[in-house]
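Every chain is numbered from 1, with letters handed out A, B, ... down the list of sequences.
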Amino acid sequence: MSEPKHEALGLERDQLLSMFKTMLTARKIDERMWLLNRAGKIPFVISCQGQEAAQIGAVTALNTEEDYILPYYRDLGMVLHFGMTIQDLMMSGFARSEDPNSGGRQMPGHFGSKKHRIVTGSSPVTTQVPHAVGFALAGKIKRENFICLTSFGEGSANQGDFHEAANFAGVHDLPVIFLCENNKYAISVPVDRQLSCERVSDRAQGYGMPGETVDGNDPLAVYEVVKKAAERAREGSGPSLIETVSYRLTAHSSDDDDRSYRGREEVEEARQKDGIVTFAKYLKEHDLLSEDEEKDMHNSIQKEIDKATDLAESAAYAEVETTFNHVYDA
Amino acid sequence: MSEPKHEALGLERDQLLSMFKTMLTARKIDERMWLLNRAGKIPFVISCQGQEAAQIGAVTALNTEEDYILPYYRDLGMVLHFGMTIQDLMMSGFARSEDPNSGGRQMPGHFGSKKHRIVTGSSPVTTQVPHAVGFALAGKIKRENFICLTSFGEGSANQGDFHEAANFAGVHDLPVIFLCENNKYAISVPVDRQLSCERVSDRAQGYGMPGETVDGNDPLAVYEVVKKAAERAREGSGPSLIETVSYRLTAHSSDDDDRSYRGREEVEEARQKDGIVTFAKYLKEHDLLSEDEEKDMHNSIQKEIDKATDLAESAAYAEVETTFNHVYDA
Amino acid sequence: MTTINYISAVTQALEEEMERDEGVFVLGEDVGARGGVFRATEGLYERFGEERVLDTPLAESAIAGVGIGAAMYGMRPVAEMQFADFIFPAVNQIVSEAAKIRYRSNNDWEVPLTIRAPYGGGIHGALYHSQSVEAMFSSIPGLKVVIPSTPYDVKGLLKAAIRDNDPVLFFEHKKAYRLIKGEVPEGDDYTVPIGKADVKREGDDVTVITYGLCVHFALQAAEKLQEEGISTHILDLRTIYPMDRTGVVEAARRTGKVLLVTEDTKEGSVLNEAAAAIAEECLFDLDSPIERLAAPDVPAMPYAPPLEKTFMMNEDKVESAIRELAHF
Amino acid sequence: MTTINYISAVTQALEEEMERDEGVFVLGEDVGARGGVFRATEGLYERFGEERVLDTPLAESAIAGVGIGAAMYGMRPVAEMQFADFIFPAVNQIVSEAAKIRYRSNNDWEVPLTIRAPYGGGIHGALYHSQSVEAMFSSIPGLKVVIPSTPYDVKGLLKAAIRDNDPVLFFEHKKAYRLIKGEVPEGDDYTVPIGKADVKREGDDVTVITYGLCVHFALQAAEKLQEEGISTHILDLRTIYPMDRTGVVEAARRTGKVLLVTEDTKEGSVLNEAAAAIAEECLFDLDSPIERLAAPDVPAMPYAPPLEKTFMMNEDKVESAIRELAHF
Ligand SMILES: Cc1ncc(C[n+]2csc(CCOP(=O)(O)OP(=O)(O)O)c2C)c(N)n1
Ligand SMILES: Cc1ncc(C[n+]2csc(CCOP(=O)(O)OP(=O)(O)O)c2C)c(N)n1
Ligand SMILES: [Mg+2]
Ligand SMILES: [Mg+2]
């Protein structure tokens, strides 16, 4: 029997459990958001569900003390790993003044925190991608050692900004990881009506960079390719394009109803491959996680979420006068 | 000895001579424009010099009665082949009212003529590329049989519009030929600081279409690949990306001085490979063109250009009141 | 006459124009099987098939650019931008191309393209799903910018836009979609002329010039103020660019007191054109300064409800502004 | 004091700021070895090397977007758009991103980015090398838009823009580059405050409010009209957005007759903000309607010289407009 994958990758048990815990935390926060939305308590949710494995696999390969991430709206898992707390995210869900992303100015899913090196994001897709290149360029000029990871959906890979940014990074060998989280849909549009190529990673060659497509349900597989890309970037050998393939398990957002454009069986089938399920299985198969430990993990996360929900629910909105603040530097 | 290339391609002598004549005409018009510019008679020139072979090779593979071209500012050769006359182009150079492209409203090089199925172009680069896709889409909806060829420089291949248009055409299998005329510079920026890939055609895979790079100094080589792409497009098998590699023999435009950014030897070396020179040699080697015939051709073109210059020079500008016309449909 | 809501007027106009003219087709993100994220194109995919109700890749510059190409060929594309906030990647195609093609080709080519986009706030859409973007497009000769307020105008103006031989930006208020209902003649193929403002209420004390959802805020405010004896004249611009200068000046003269209202931020808003036209043409007929009522000059509408409310226009804000002007 | 031309003021400001602050760097098309197509960055590449004077690929959205990223990191990028006409592909990055980042992040992130671009006509540049594009950006809170008229202001305002912690669009008139000369203090590190208009000439009969190259047309016209006994007050806006409302209103009050002048097309131009501010604040101090003098509402400046002249602003057009207003 060959060496288990995590050993080959040099990942220890505590790292693996921490990965799993963050995946689970992201999932559970998201589930809570939907409940709150359906209860009329928060106006909007956009989910990470189905992409946690890819997200956590990817950021585990980064240095949270040095590197920058420019995530997109589904990257709840990533920002948790980079230091955002459950409470922070609940404050954001409830649009409270203590939301560190925007003080309740932006919808949930619009992440940003300078302290955690999470660069502020917006709604128009793909605009963060050239920003990542700008960070990397600045780092190169300043002789810094950090790298940047930016992520986006497969639909968003068709925006001009992706192309222009990838080419720029390629020309100047900048330390950027372009991570495309292919979840097979852009709202209602399936990949085959969105993408003219087989794999998003087929585009890498056009930017003179390596391209990889990897199972987005397998955090270890994602970790492996991102790790390689990160090393490459840190060495000064330039950018990489990585595509993680998984599935969007929820509707596009709380405003969407996906029954008009995809069958339930398809969704059910994808649920079988859900990284949360399969990674738990992997950990158990390798005696890294017991049923009891798993249950405890569930419970402790749930408790934290409950607490954060209560706190956030009773927290205050920003004062109305603050509407006028921070248009320009004071 | 193997069959001469033109025979293998099924091109007859009169076709070859007509190709050569159009190349030569384009070159000579361009040269005249520079003289007129340096004499202070026309404010601006932007040249085809060095790209005539690619242009004529490409359009020879099209059907001028059916297909559409969406050329860029250097494509003097293409528009001649599609029916624009020397006089038309001189009227444009002098910004006269009889300029069929724009009535003197646009700079020379901004081609357009509905009659000739040359779609109006502008200065911001690459904007014509999605238009070509729009024509092709309309043709598909209307069950028409035409194809569209659009061209642009290698610098322009880095604009978002190229990417978005190529992907759109790829998804919907539209009959478009994307022709990149790589002349190794975008104003002062050489290809290696412009393009992150080896060849522009490396991008084809990312749009699920075939990509070819071909010697842009060889009109027969270009004809061959464009012919194949045209057949493919007409069959409904979708778009192609073709890159012709040659060299920009002049400064970027009459406003540019290229001595600050490239050496004279480099330009001299490229002149040796000039398609006008090498194609004449090819024709002579295959006894398709005699020295006398060549001289006659030069003379007759020169005369036509002289005549057109005089006519255009003495032609009128549009009336000042026309400044206000054609903002909206009357 | 039947009463329908604002968004149904959009759908009806599209359906009838597609029926009437084979050259009309719809393209955009999620306009097909999904029927649009607001369901404005609902049923069209089933009726006209996927070639005429085309789901495009997620790329707005291509949506506009491909639309322009198809329009130049001779089709009448109706492109949807999913939110007005996402029209910005397409600005180059709209401003450099669509707007200038007729002029630059000396009338050889034209672009009969309509671009629809939902705009406006008050729906917890935050910064990027609430914007009014008309000011950016209302200084571009060659373009027309239309913002209807009622189902009747929506239907008539959208049909006019589709039949127009020039590019039209057609902004629909997303909060109005299901909130605003109104009468539309049944089975009557009417259009409403682009370029003409419309008096939505006659009055003698204060003139309100506005457009879009704000017309309704003004109408509600006027109704209330009537009880206080204040009589409000309301002009609905309908076409924002080019603006109906005559209509604006007439409306200003009517009362001599002018309140300009927009949901957009104040500085640089499209109201300024009305202010300038009035200041040029009938300055001495005015009995009070020209007032502008608009959103504060902050980048966009925040998400948190109290902040959103502070930013968003409403009936009360319009009411106090009219009252103040009446008492000037 | 030494006399330099307008473009040298650009180059000097860049050079001195790059010298002063390592975080300042230049990026754009052909800004390196070529020194810019107008030679505004001449000598910088040789002096500061290719990392700080970066030739980018031909992609404006990336130039802006990469600039934004580097600025958020803490650099002070100065991005060049080769012509203002080619800023449109970058609109999404400028409007959705640069302008909104401070606000949306509740002051956590900021974008100290300057974007320079040559604008304006009269140089046979035709439709796409002659445009005034400021109107499109002058309703966007979070942005600042600066258009200087003299070498002194160019240098002081460009330095201020580079040191500003918010994104600034800096439009330079390309015809002014070598035409306009003026005095600049030698060896004096001065800045000119963004947000303040400047009285370029004092007068009592007619107030001209304008900016950019048109300031010079107004100054020349005023000189001539002085001989006829007409005294012209000239306010140079300098910062177009946010506009110096106080400066505008003061200047309008000074003479009671206001002529607004721009090289841009008339409807929807940035002059409208001045008109609206005056109409709000000092309507009853006016002795004549507010006049706007601008280019005709056609898509852009044609190439053929007689048509270009018809479109383009000049001293004579300003002169007659002032005279007419003086005699009102
Ligand atoms: C420029 C822009 N256009 C349209 C939208 C509306 N929109 C939001 S998400 C989305 C689909 C994104 O699909 P994909 O990139 O695959 O990401 P996913 O949501 O599947 O993770 C669309 C069209 C947007 N946010 N920005
Ligand atoms: C959007 C845009 N940006 C900048 C320019 C200015 N410009 C004109 S041509 C050119 C270089 C084009 O290079 P390439 O695409 O290689 O074509 P070539 O001129 O070499 O044929 C540039 C930067 C432009 N016309 N449009
Ligand atoms: Mg997706
Ligand atoms: Mg080139």
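- Heavy-atom pairs under 4.5 Å with chain D peak, among B:I187, B:N325, B:T322, at B:I187.
- Heavy-atom distances place both the backbone and the side chain of B:D256 under 4.5 Å from chain D.
- Here the side chains of D:H124 and B:M107 are not in contact, with every heavy-atom distance at 4.5 Å or above.
- With a 4.5 angstrom heavy-atom cutoff, D:Q82 touches chain B only via side-chain atoms.
- For the atom pair CD (B:Q159) and CZ (D:F86), the distance works out to 10.0 Å, reported to the nearest 0.5 Å.
- Between chain B and the options D:A126, D:P296, D:P306, the largest number of non-hydrogen pairs under 4.5 Å is found for D:P306.
- Using a 4.5 Å cut-off between heavy atoms, D:V298 contacts chain B through both its backbone and its side chain.
- Looking only at side-chain heavy atoms (C-beta outward), D:P302 and B:T323 come within less than 4.5 Å of each other.
- Other residues, nucleotides and ligands contribute only 12 or fewer heavy atoms inside 6.0 Å of the CZ atom of B:R259.
- Within the 4.5 angstrom heavy-atom criterion, only backbone atoms of B:E319 (N, CA, C, O) approach chain D.
- For D:D30, the parts lying under 4.5 angstrom from a heavy atom of chain B are both the backbone and the side chain.
- B:S260 OG to D:E42 CD: the interatomic distance, rounded to the nearest 0.5 Å, is 8.5 Å.
- Between D:F88 and B:P124, the closest side-chain pair of non-hydrogen atoms is not below 4.5 Å.
- If you take CG on B:D255 and CD1 on D:I123, they are separated by 7.5 Å, rounding to the nearest 0.5 Å.
- The distance from atom OH of B:Y317 to atom NZ of D:K309, rounded to the nearest 0.5 Å, is 12.5 Å.
- Under the 4.5 Å side-chain criterion, counting only non-hydrogen atoms from C-beta, B:E321 is not in contact with D:T310.
- For the atom pair B:Q106 CD and D:H129 NE2, the distance stands at 10.0 Å (nearest 0.5 Å).
- Counting only heavy atoms from C-beta outward, the side chains of D:Y303 and B:S102 never approach each other to under 4.5 Å.
- With respect to B:D257 and D:R34, no salt bridge is recorded, no charged nitrogen being found less than 4.0 Å from a carboxylate O.
- Residue-environment remark: CD (B:E198) stays at or below the threshold of 12 foreign heavy atoms within 6.0 Å.
- Comparing B:G160, B:S123, B:A157, B:A95 by heavy-atom pairs within less than 4.5 Å of chain D, the highest count is held by B:S123.
- For the pair D:L58/B:V189, no side-chain contact is recorded, criterion being any heavy-atom separation below 4.5 Å from C-beta on.
- With rounding to the nearest 0.5 angstrom, the OG atom of D:S61 is 13.0 Å from the CG atom of B:N158.
- The local environment of CD in D:E46 is crowded, with over 12 non-hydrogen atoms from other residues, nucleotides or ligands closer than 6.0 Å.
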